[in-house]
Amino acid sequence: MELLRDRIARFIAEEGHRTSIDIHGENADVAAIMLRARGQQIWVSVSEDDETFYVVAAMHELPAWARDAKQNAALLLELQESMKAVKFYPSQDRSGVVAAVEQFASSPEEFMQHFWKLVELVRESGASAVARILDRTESKSAAEKFIDAFMRGSQ
Amino acid sequence: MIEEVVRGIEAALDEEWLLHERDDDADAFRVSFKSEGARYFAIAYRDDPTFVMIGSGWTLPDDVEFAEAVELANQLNAKKKLVKVAIWEEERDVLFTIETLAATGDEIQQHIERILDVLRDTAQSFFNTLRSDDAS
């Protein structure tokens with residue numbers, strides 16, 4: 001019988017996209033199927049022992065000057081509250097933000113029906129999150145510069 | 001020269017991890033590929049070594065009036081940058097294309113992402129407008 005990861009990868013290939021499959025650590029049942037869509041790296045996590053649960057995620061890189069994990073954490077929570085279905089968290093190496101959707105589906109076919117909608121969701125919500133982080137970091141740095149200049153002027 | 005442009009398109013598709021096929025003939029170099037399930041093509045004619053066309057073709061739904069589709073195509077041609085919309089009456093097809101001049105593979109390679117975005121966006125506008133007209 002075809003493995004779930006191969007079935008999903010075959011569907012993605014039929015839709016025109018090359019994929020690569022990574023096995024998660026020591027658990028051979030869990031795999032990540034990697035693809036690119038509109039310039040964005042996307043991955044789909046599937047587990048061979050659960051055909052009803054899927055994760056679709058996208059990593060959105062942040063420029064080095066905006067990688068303050070502590071500062072970003074609160075904003076990510078705030079954004080998460082305002083966006084339906086999407087989860088945000090810092091990437092493991094802290095170089096960016098992951099936007100993920102965890103999806104229940106009654107079958108792989110049902111998941112595949114919604115696949116591109118889910119990809120769009122993680123791509124667009126992640127891009128909004130990055131824009132908000134950059135905007136806030138820039139505003140904060142501008143405010144700090146202004147305060148520095150003001151303090152120097154008042155001495 | 002034009003074959004190098006086609007190779008630039010293929011390289012850009014490789015960078016995007018998109019699967020593609022070449023089907024050249026005596027007249028043209030042809031590349032077909034899919035993105036997010038939608039079919040696209042690129043054609044470069046052997047007798048016109050700097051002209052390249054990238055596009056996607058869709059079938060008009062049966063319930064869409066031909067005149068309505070033509071009017072909408074005209075509106076989009078006036079409004080949208082880069083893309084051309086054409087309706088083929090006999091086949092009941094709508095064709096979205098970007099036709100451009102390129103002398104090297106690099107010239108086209110760096111714009112493929114934008115080209116695909118524009119093609120997708122125009123097709124979406126076309127069909128969304130048809131649907132909203134139907135609903136009203």
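Note on naming: letters A, B, ... go to the chains in the order of the sequence lines (proteins, then strands), and numbering restarts at 1 for each one.
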Checklist entry - Could you go step by step and tell me if E3(B) and F29(B) meet the side chain to side chain contact (heavy atoms under 4.5 Å, CB included) rule? => result CA-CA 7 Å; E3(B) 197 173 0; F29(B) 300 97; 3.6 Å; yes
So, the part of L18(B) with a heavy atom under 4.5 Å from chain A: the answer is both
- Query: Can a salt bridge be assigned to the pair R18(A) and E15(B) using a cut-off of 4.0 Å between side-chain N and carboxylate O?
  - Reply: no
Going by an N to O cut-off under 4.0 Å, is there a salt bridge joining K117(A) and E120(A)? yes
Assert top hit (heavy-atom pairs under 4.5 Å, partner chain A, pool E36(B), R120(B), K34(B)) equals E36(B)
> Going by atom types only, do W17(B) and Q41(A) share a side-chain donor-acceptor pair under 3.5 Å?
Replying inline: no
Bottom line for R39(B): the part with an atom under 4.5 Å from chain A's heavy atoms is neither
Whatever's closer than 4.5 Å to a heavy atom in chain B on T19(A) counts as backbone
